[in-house]
2 protein chains.
Amino acid sequence: MPRRAPRSRRSDCPISITLELLGDEWSLLVVRDLMFKGLRTFQEFANSGEGIASNVLAERLARLEAGGIVSRERDAEDRRRVLYRLTEKGIDLAPVMVEIVLWAARHERTGAPEATVAAMRHHREGFLAEIRQRWEATAGAQSPDSPLRPSPESS
Amino acid sequence: MPRRAPRSRRSDCPISITLELLGDEWSLLVVRDLMFKGLRTFQEFANSGEGIASNVLAERLARLEAGGIVSRERDAEDRRRVLYRLTEKGIDLAPVMVEIVLWAARHERTGAPEATVAAMRHHREGFLAEIRQRWEATAGAQSPDSPLRPSPESS
DNA sequence: CGCATCGACTTGCAAAGTGCAAGTGGTAGC
DNA sequence: GCTACCACTTGCACTTTGCAAGTCGATGCG
């Protein structure tokens with residue numbers, strides 16, 4: 001149990017709060033694997049390319065779960081396996097991820113497929129809607145938890 | 001010289017590349033200070049609230065400069081002072097920052113002013129345009145460097 | 001000038017975190 | 001029952017962080 005949720009934050013700045021939760025070299029890669037690649041298990045994350053160490057991966061998954069960004073449950077069909085999934089809070093990171101991809105595609109030499117980048121840039125809303133739909137589709141027996149989320153979009 | 005620019009990246013994924021450059025708990029705070037708070041000097045960053053250690057701040061500034069996100073130059077009026085500034089690549093992080101703020105404002109208890117968040121949410125383009133204008137305004141004797149940036153926005 | 005100050009970093013450590021290799025402990029399959 | 005799988009732990013060397021103190025080239029001022 002390396003580090004638990006900070007009882008007191010260093011500041012109440014939204015950027016700072018986000019960085020305390022996601023500000024490391026690995027957390028967003030797990031989010032990426034869940035959001036774009038459809039990966040769901042520890043093994044899959046571990047082998048997804050960048051070579052995260054298993055202890056670091058375990059700690060990050062625990063932190064993401066504690067932060068309410070991913071949920072975990074044992075696979076009913078193979079009880080050895082644990083299936084991770086983005087929560088609503090997690091899938092809400094999609095706009096952030098998209099902007100990161102667009103920024104990197106513009107300023108760095110990336111391997112992102114041109115078509116995907118173009119879709120993100122020119123059909124942003126549709127792209128985001130599609131991601132959310134895919135997420136909802138993989139819901140399985142989604143527990144009816146829509147607990148937080150103060151203001152949906154209105155006002 | 002703790003760590004230099006990686007000669008080989010762990011992957012060509014845009015998320016991964018961005019995390020190698022900005023994926024830590026401090027770099028984006030410096031970007032925030034430059035982008036939203038108008039801070040420009042080492043001291044100002046050091047005292048901006050979250051309490052970054054001076055050696056870490058120095059290393060981050062060097063890394064951000066090496067990554068082309070900030071530029072530095074000595075103040076002409078007080079040669080002790082170094083003035084940092086976002087580059088074009090740096091100011092292009094504004095959409096990422098805005099999405100982070102919106103996400104955090106929705107899912108965490110932040111101290112972000114309600115009016116600012118509302119402006120980001122409902123007048124996103126205008127908000128971004130304003131940030132860029134403020135950035136251009138502080139240009140001083142802006143060197144005419146618009147070197148990269150493959151596709152501006154068109155296509 | 002002479003000297004205290006300032007601003008931007010270094011340096012020295014102890015403590016915390018990371019990467020790697022090798023376990024552990026429940027399933028599953030046969 | 002035995003081996004394999006999967007999700008983690010554990011040990012340990014190595015690196016990075018956080019904190020305090022120091023360096024070094026400007027100012028400011030008497």
Side-chain angles (χ1 to χ4, degrees), chain A residues 1-11 16 19-30 33-34 39-66 70-85, chain B residues 1-11 16 19-30 33-34 39-66 70-85:
Chain A
M1 225 169 291
R3 173 165 52 167
R4 51 182 62 265
R7 48 200 85 270
S8 70
R9 301 182 145 138
R10 59 186 179 185
S11 90
S16 175
L19 288 176
E20 287 189 75
L21 189 52
L22 297 169
D24 67 90
E25 291 195 43
W26 299 109
S27 295
L28 281 188
L29 286 186
V30 175
D33 289 347
L34 286 160
L39 308 187
R40 310 197 60 180
T41 70
F42 192 97
Q43 291 279 321
E44 290 173 329
F45 303 141
N47 301 329
S48 77
E50 284 85 3
I52 186 172
S54 64
N55 53 350
V56 176
L57 175 56
E59 198 266 341
R60 290 304 185 280
L61 285 169
R63 209 134 70 83
L64 288 172
E65 192 192 359
V70 308
S71 61
R72 44 163 290 160
E73 64 178 317
R74 289 212 166 263
D75 186 342
E77 298 174 349
D78 182 345
R79 315 252 329 133
R80 288 175 300 185
R81 183 164 300 185
V82 173
L83 296 180
Y84 289 91
R85 186 164 187 275
Chain B
M1 226 168 288
R3 173 164 52 167
R4 50 184 62 266
R7 46 201 85 272
S8 69
R9 300 184 147 138
R10 59 185 179 186
S11 91
S16 175
L19 288 177
E20 287 189 76
L21 189 52
L22 297 169
D24 67 89
E25 292 196 41
W26 299 108
S27 295
L28 280 188
L29 286 186
V30 175
D33 288 347
L34 286 161
L39 308 187
R40 311 194 62 178
T41 70
F42 192 96
Q43 290 280 322
E44 290 173 329
F45 303 143
N47 300 328
S48 78
E50 285 83 5
I52 185 173
S54 63
N55 53 350
V56 176
L57 175 56
E59 199 267 340
R60 289 305 184 281
L61 285 168
R63 210 134 68 84
L64 288 172
E65 191 190 3
V70 308
S71 61
R72 44 164 288 161
E73 63 178 320
R74 288 210 167 264
D75 186 343
E77 299 175 348
D78 183 345
R79 316 257 325 134
R80 288 174 301 183
R81 184 165 299 182
V82 174
L83 296 180
Y84 289 92
R85 186 163 187 276

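Reminder, nothing fancy here: chain letters follow the sequence lines and each chain counts from 1. This is a predicted model, so every value here is computed, not measured.
With respect to A:Arg40 and A:Asp75, no salt bridge is recorded, no charged nitrogen being found less than 4.0 Å from a carboxylate O.
Distances shorter than 4.0 Å separate some side-chain N or O of B:Arg60 from OP1 or OP2 on D:dT17. OP1 or OP2 of C:dG19 sits under 4.0 Å from a side-chain N or O of A:Trp26. At the phosphate of D:dC6, neither OP1 nor OP2 sits under 4.0 Å from any side-chain N or O atom of A:Tyr84. Applying the 4.0 Å criterion to OP1 and OP2 of D:dC8, one finds that A:Arg72 has a side-chain N or O inside that range.
Of all nucleotides listed (D:dC19, D:dC8, C:dA8), D:dC8 comes nearest to the side chain of A:Val82. Nearest to the side-chain atoms of B:Ala53 among the listed nucleotides C:dG19, D:dG18, C:dC9 stands D:dG18. Closest contact between the side chain of A:Phe42 and the listed nucleotides D:dA7, D:dT17, C:dC9 involves D:dA7. For B:Arg80, counting side-chain heavy atoms from C-beta on, the closest listed nucleotide (D:dA26, C:dG12, D:dT9) is D:dA26. Of the candidates C:dA28, D:dT9, C:dA8, the closest approach to any side-chain atom of A:Ala58 belongs to D:dT9. Proximity note for B:Arg81 (side chain, C-beta onward) versus C:dC9, C:dG7, D:dC8: the nearest is C:dG7. Of the candidate nucleotides D:dA21, D:dC6, C:dT27, D:dC6 has the atom lying nearest to any side-chain atom of A:Gln43.
The CG-P distance, from A:Leu39 to D:dA7, rounds to 12 Å in whole Å. For B:Glu59 and C:dA8, the CD to P distance is 18 Å, given to the nearest whole Å. With rounding to whole Å, A:Asn47 atom CG is found 13 Å from D:dA7 atom C1'. Counting to the nearest Å, the C1' atom of C:dA8 and the CZ atom of B:Arg40 are 16 Å from each other.
You'll find the side chain of B:Phe45 reaches within 4.5 Å of the side chain of B:Leu61, heavy atoms only. Within the 4.5 Å cutoff, no side-chain heavy atoms of B:Leu29 are placed close to those of B:Ser48.
In the model, B:Ser16 has a side-chain atom that pairs as donor or acceptor with a side-chain atom of B:Arg10 under 3.5 Å.
Where A:Ala76 and A:Gly51 meet DNA chain C, the nucleotide closest to each residue was compared, and A:Gly51 sits on the side nearer the 5' end. DNA chain D is contacted by both A:Leu61 and B:Ile52; A:Leu61 maps to the nucleotide lying nearer its 5′ end (nearest heavy atom per residue). When each of A:Asn55 and A:Arg74 is assigned the nucleotide of DNA chain C with its nearest heavy atom, A:Asn55 is the one assigned upstream, toward the 5' end.
A donor and an acceptor atom never sit less than 3.5 Å apart when one is taken from the side chain of B:Asp78 and the other from the base of C:dG7.
With hydrogens and angles disregarded, a donor-acceptor distance shorter than 3.5 Å links the side chain of B:Arg74 to the backbone of B:Arg80.
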